[in-house]
2 protein chains.
Amino acid sequence: MAAKTDDSGPVLPPAIESAWGLRDRPPKGPRPQMSVPTIVDAAVRVADADGLAAVSMSRVAKELGAATMALYRYVGSKDELLMLMVDTGYGPPPGPPPAEADWRAGLTRWAWADHEVLRRRPWLLHVPISGPPITPQQLGWMEDGLRCLDDTTLAEGEKTSVLLLITGYIRNEASLTAQIIEGSRAAGIEPGEMMPAYSRMVARLIDPSRFPALHRVLAAGVLDQDDDPDDEFTFGLDRILDGIEALIRRRAA
Amino acid sequence: MAAKTDDSGPVLPPAIESAWGLRDRPPKGPRPQMSVPTIVDAAVRVADADGLAAVSMSRVAKELGAATMALYRYVGSKDELLMLMVDTGYGPPPGPPPAEADWRAGLTRWAWADHEVLRRRPWLLHVPISGPPITPQQLGWMEDGLRCLDDTTLAEGEKTSVLLLITGYIRNEASLTAQIIEGSRAAGIEPGEMMPAYSRMVARLIDPSRFPALHRVLAAGVLDQDDDPDDEFTFGLDRILDGIEALIRRRAA
DNA sequence: CTAGTTCTGCGTATGGTCTACGCATTACAG
DNA sequence: CTGTAATGCGTAGACCATACGCAGAACTAG
């Protein structure tokens, strides 16, 4: 009758609570034949093999030899499953920065670890993010990133903003390169031929007098040479770190 | 029998070609009762009113008083419709930078224009981007952005990278603030109460000794005060522009 | 004026999605 | 042994995109 009020407003889904180890199995009833981690692992396996679009409740159930609806005893909804997939998909964070590393070296290492995860599991990019991180490993990644800034004189709010800036960049860059790979596979051409083909198409569409800057970019052949995607990533990351460095220097002075 | 080969590899969908004005109506057959722009406008109207999730082919058809399948005479697939929705959803680009503006002022103006569009139409963030821009207004935005860098000594490739960096940031920032708004609406609480509630939840979950840096951020109350989202946006944008400024200075020297 | 051609509108049907609900079965507490 | 509660899961409902085929409209060629 009385509303069951928890301490704080938004309620954590049961499956997430169990990911934090906050849930004990009630003693009654038949023994569960699956577990949340089993299901999440199966879903991750499907996503690794056939992409996020292949992850349907029935497909995951088939992977486990169970019935579709059986899964709903463990996860409250597909969205909840996706959240847990992200958590285990990222895997453990890279650990705190080495003692001898300055903030820039530390963040660079952290950024490359994040980058590597997204390169290995591009489906992570297709999971619609529905809120700030609340799963254990997600927060672990955040923690390790924040630690890189421990020795700086930035305010706590600035540290989080900085980290947000970097994660956003990494995600974005990964998204773009993943799109090129997926797009080329869909079009049935070599990944290296994707951007040149795009370049030709745009060149055919635009009027050079109305799009002079764009035309100059195309004429320079920027999109035709397939440079190392890692160089592209490094370029943007260094720009951002330069910007942060300027801020840190100003704060230190 | 012989494959109808166009000049270049990837074929532009018919509806996109018509957006470039490259398509003339065949003289035969009954007069079309709708047009691609009519349909796209209706779809945008639905998205503006009820979000992207409400945009289904049948819902758009209902909006037009037509049958669902009638739409497929105009657009090849829902994905194509989405692409066109993004094009008209963005609207016309902000125009080339004022003559007296330096690159930084120009890009700042451009960034705020982009930001403003995404604030007004958050559903744009939910459209899965499936490739580089190919629609007229998208490329128009790119053009106007590139022009801001006309007077710099950056290489063409660097200009595109710089623009990519900025668009990525804007999109990311907009995504985050939109999530807070949508999340608070879903949870039925004030938008200003979202982050404090999140803060309390995380504080309850984490062990301060395993998450010291994160704990310090929470203890500082970073997430509790609801600062102006515009300040947050400005902060990140300035960091990025600082980084670009460092590059430009190095290139000019 | 007529015949042929081609395009439009759209009804029907297929195969997919998530998930609410209810029932039989199982396993433990007392 | 009985009551209770949790599990596995079958059924069914409400959506979704879209392949296909057909009736009719509007033009062109003769």
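Residue numbers start from 1 in every chain, and the chains themselves are labelled A, B, ... in the order their sequence lines are given, proteins ahead of strands.
Both A/S77 and A/P30 lie near DNA chain C, and the one whose nearest nucleotide falls closer to the 5' end is A/S77. With DNA chain D read from its 5' end, the first of the two nearest nucleotides for B/R31 and B/R59 is the one closest to B/R59. Both A/G29 and A/D79 lie near DNA chain C, and the one whose nearest nucleotide falls closer to the 5' end is A/D79.
Looking at the side chain of B/K78, the nearest of the listed nucleotides D/dC16, C/dT8, C/dC28 is D/dC16. When each of C/dT17, D/dC9, D/dC27 is scored by its nearest atom to the side-chain atoms of A/A70, the top-ranked nucleotide is D/dC9. The listed nucleotides are D/dT7, C/dG9, C/dC10; the one nearest the side chain of B/Y74 is C/dG9. Considering only side-chain atoms of B/K28, the nucleotide from D/dT11, D/dC27, C/dG9 that sits closest is D/dC27. Listed nucleotides D/dC9, C/dT8, D/dC16 differ in distance to B/P32; the shortest reach to its side chain belongs to C/dT8.
For the pair A/L81 CG and C/dC18 P, the computed distance is 10 Å after rounding to whole Å. In this structure, CG of B/D24 is placed 14 Å from C1' of C/dC7, rounded to the nearest angstrom. Separating the CE atom of B/M34 from the P atom of C/dC7 is a distance of 17 Å, rounded to the nearest angstrom. In this structure, the NZ atom of A/K62 is 15 Å from the P atom of D/dC9, given to the nearest Å. Here the P atom of nucleotide C/dC7 and the CZ atom of B/R23 are 11 Å apart, to the nearest Å. Following rounding to the nearest Å, B/R73 (CZ) and D/dT18 (P) show an atom-to-atom distance of 15 Å. For the pair A/L71 CG and C/dA20 C1', the computed distance is 15 Å after rounding to whole Å. Across the protein-nucleic acid pair, A/M69 atom CE and C/dA20 atom P stand 7 Å apart, rounded to whole Å.
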Show your reasoning for whether side-chain contact (heavy atoms from CB on, under 4.5 Å) applies to A/V75 and A/M57. CA-CA 11 Å; A/V75 294; A/M57 296 307 267; 4.0 Å; yes
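Looking at heavy-atom distances under 4.0 Å, A/T68 makes contact with a base. B/M57 comes within 4.0 angstrom of sugar-phosphate atoms only, judged by non-hydrogen atoms across all strands, and of no base.
Donor-acceptor pairing under 3.5 Å is recorded for the side chains of B/S161 and A/E232.
Aromatic ring centroids of B/W123 and B/H126 lie 6.0 Å or more apart.
In A/R45, the CZ atom is crowded: over 12 heavy atoms of neighbouring residues, nucleotides or ligands sit closer than 6.0 Å.
Between B/Y72 and C/dT8, a side-chain N or O to OP1/OP2 separation shorter than 4.0 Å is absent.
Checking each of B/W110, B/Y169, B/F233 against B/H115 for a ring-ring contact (aromatic ring centres under 6.0 Å, His included) leaves exactly one that passes, namely B/F233.
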